[in-house]
Colleague: 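Sharing a structure below in structure tokens format, with a few things to ask.
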Amino acid sequence: MTSAVLGIAMAAGCSAGTAAPIKTPAPAGLSELADVRVLAEFDRAAGQNAESIALEPGGGAVVGMIGARQVVRVRGDGGTEVVATMPVPAGGGGTTPVVGSPQVTGVARDRGGAVFFLYAAGRGGLTGIWRLAAGSTEPELVVPMPADTMPNALLIDQAGGRFLVTDSTGGRVWEAPVSGGDPSVWSADPALAPSGFFGANGLKLHAGAVWLSNYDRGTIVRIPVERSGAAGPVAVHATGLAGIDDFDFTGRGDEILAAINDASELVGVAADGTHRVLLDGGDGLQGTTAVVVHEDTAFITNGALREGSRSALRVARLVGG
């Protein structure tokens, strides 16, 4: 869960007019996407740049909104409601690392229906993991994080009883108890570091390992989880994915769908790391920030940060493979 963020244009190397890569034949066995449609659109003018997705029962989702500092619920019929809006830090904000402005980034949902989300706010004591209990309208800070972090993607490791969070400007993964409390650094491997803007970005737990994307380096890396819960040695799984934001596994082994923010693409990554473009601007993608797969449906967010005006949650049908 990304971040393509406000101010991304300063770090990006391509313009809105850059031609999209030609779609090439898929690696053997790679899945395809069909029947792309809009489930919900958001108010980009009000800062509702869709950033991250956590699925809910009934075909809906909660979505983090960067500029608006909001969490928005999307029902299965496409209806939306704002469930949380975060305050601006004292002094007006402006101290969030690299990007300046405070923003809501990663979201997650536990089995009891509580929604957790990240707020990257710089100084002021608001940065960290927030919890919105089921039915509540008042979020609470459960894991305060240092002001110099840029928390980006969030997952709940149920088996480990912990949260894991990427810190995109610090090039780290943090962990903290799901019951709340102080965080600690789980991994600060050099493969997670940025090279000018954002490093560690998207985050998933799959097949006994933590998998991460590195926005600047265009990589997906795999970190095995040791029996103690500690981080094992890092291995690079895929390269050549410049501007990668969030990603998810399709449920078909190690096959991945990756949101490529800079190029407004959704890329399929085969188990051997080879990849090709599945959807692009011609399919309505604009600043692709996140993807989550449930059974044969892929949920995809348009952040529309650098180009376009249609911040949206789209869905597509997963076929083939």
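Positions are given from 1, in the same order as the sequence printed here.
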Colleague: List the atom of P139, the atom of M86, and the distance in Å for their closest heavy-atom pair.
Modeller: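 Minimum heavy-atom contact is CG-SD, 4.1 Å.
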
Colleague: Do side-chain atoms of D246 reach the backbone of A259 as a donor and acceptor pair under 3.5 angstrom?
Modeller: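 No, because the side chain of D246 does not come within donor-acceptor range (under 3.5 Å) of the backbone of A259.
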
Colleague: Determine, step by step, whether R131 and E138 satisfy the salt bridge (charged side-chain N to carboxylate O under 4.0 Å, His left out) criterion, reporting the C-alpha distance in whole Å, the side-chain angles of both residues, the deciding distance to 0.1 Å, and the verdict.
Modeller: CA-CA 9 Å; R131 179 180 185 269; E138 297 294 333; over 6 Å; no

Colleague: Measure from the side-chain N and O atoms of D110 to the backbone N and O of G113, and report whether any donor-acceptor pair falls under 3.5 Å.
Modeller: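 Looks like yes, one N/O pair under 3.5 Å.
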
Colleague: Determine, for F249 and K204, whether the Lys NZ or Arg CZ falls below 6.0 Å from the six-membered ring centre while staying within 45 degrees of the axis.
Modeller: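 No cation-pi geometry.
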
Colleague: Would you confirm whether N201, through its side chain, and S168, through its main-chain N or O, come within 3.5 Å as a donor-acceptor pair?
Modeller: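 Flag not set: sc N201 to bb S168 has no pair under 3.5 Å.
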
Colleague: List the atom of P183, the atom of M145, and the distance in Å for their closest heavy-atom pair.
Modeller: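 So the minimum-distance heavy-atom pair works out to CG-CG, 4.2 Å.
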
Colleague: Starting from the C-alpha separation in whole Å, work towards a yes-or-no answer on side chain to side chain contact (heavy atoms under 4.5 Å, CB included) for D157 and F163.
Modeller: CA-CA 6 Å; D157 175 8; F163 297 109; over 6 Å; no

Colleague: For T80 and R75, does a side-chain donor sit closer than 3.5 Å to a side-chain acceptor?
Modeller: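 No - no donor-acceptor pair under 3.5 Å links their side chains.
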
Colleague: Side chains of Y215 and D262: any donor to acceptor distance under 3.5 Å?
Modeller: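 Distance-only check passes for D262 and Y215.
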
Colleague: Using a 4.5 Å cut-off on heavy atoms from C-beta on, say whether the side chain of W186 contacts that of V210.
Modeller: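 Answer yes - side chains close enough.
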
Colleague: To the closest 0.5 Å, what do you measure between CZ (R109) and CZ (F116)?
Modeller: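 Those atoms lie 11.0 Å apart.
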
Colleague: Between the side chains of Q286 and S264, is a donor N or O closer than 3.5 angstrom to an acceptor N or O?
Modeller: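 The criterion, which ignores hydrogens and geometry beyond distance, is not satisfied for S264 and Q286.
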
Colleague: Looking at side-chain heavy atoms only, is the closest gap between L241 and T219 below 4.5 Å?
Modeller: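 With C-beta onward as the side chain, the pair stays apart.
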
Colleague: Within the distance-only criterion (no hydrogens, no angle test), does the side chain of N302 pair as donor or acceptor with the backbone N or O of A304 below 3.5 angstrom?
Modeller: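 Here the side-chain-to-backbone pair does not exist.
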
Colleague: Quick one: closest heavy-atom pair of L279 and L33, and the distance?
Modeller: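 Nearest heavy atoms, L279 then L33: CD1-CD1, 3.7 Å.
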
Colleague: Let me confirm one number: the CH2-CG distance from W174 to L154, rounded to the nearest 0.5 Å.
Modeller: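 The distance works out to 15.0 Å.
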
Colleague: Between R73 and G79 (side chain of the first, backbone of the second, donor and acceptor by atom type, cut-off under 3.5 Å), is there such a pair?
Modeller: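 Such a contact is absent between R73 side chain and G79 backbone.
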
Colleague: Is V38 reachable from I300 through a run of I, L, V, M, F, W or Y residues, each pair having side-chain heavy atoms under 4.5 Å apart?
Modeller: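 Shared cluster, no.
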
Colleague: Does a side-chain heavy-atom distance below 4.5 Å link T127 with Y119?
Modeller: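 Answer no - side chains too far apart.
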
Colleague: Say whether, by atom type as modelled, one donor and one acceptor occur between the side chain of T95 and the main chain of R123 under 3.5 angstrom.
Modeller: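 Yes.
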
Colleague: List the atom of P89, the atom of P102, and the distance in Å for their closest heavy-atom pair.
Modeller: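 Minimum heavy-atom separation between P89 and P102: CD-CG, 3.8 Å.
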
Colleague: Under the 3.5 angstrom rule, does the side chain of E175 hit a backbone N or O of V185 as a donor-acceptor pair?
Modeller: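 The answer is no, because no donor-acceptor pair under 3.5 Å joins these two groups.
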
Colleague: Indicate the atoms forming the closest heavy-atom contact of V63 with E51, along with that distance.
Modeller: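 Shortest heavy-atom contact: CG1-N, 4.2 Å.
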
Colleague: Given salt bridge (charged side-chain N to carboxylate O under 4.0 Å, His left out), test D296 with R317 step by step and report yes or no.
Modeller: CA-CA 6 Å; D296 65 349; R317 184 166 55 88; 6.0 Å; no

Colleague: Of all the heavy-atom pairs spanning D167 and M150, show the shortest one and how long it is.
Modeller: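 Minimum heavy-atom separation between D167 and M150: OD1-N, 2.9 Å.
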
Colleague: Does any N or O in the side chain of T137 come within less than 3.5 Å of the main-chain N or O of A84, such that one atom is a donor and the other an acceptor?
Modeller: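 No; judged by distance alone, with no hydrogens or angles, the pair does not exist.
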
Colleague: Establish, from distance only, whether the side-chain atoms of D254 and H237 form a donor-acceptor pair under 3.5 Å.
Modeller: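 No, because no side-chain N or O of D254 sits under 3.5 Å from a partner of the opposite role on H237.
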
Colleague: List the steps, then state whether side chain to side chain contact (heavy atoms under 4.5 Å, CB included) holds for L118 with V165.
Modeller: CA-CA 9 Å; L118 299 173; V165 177; 3.8 Å; yes

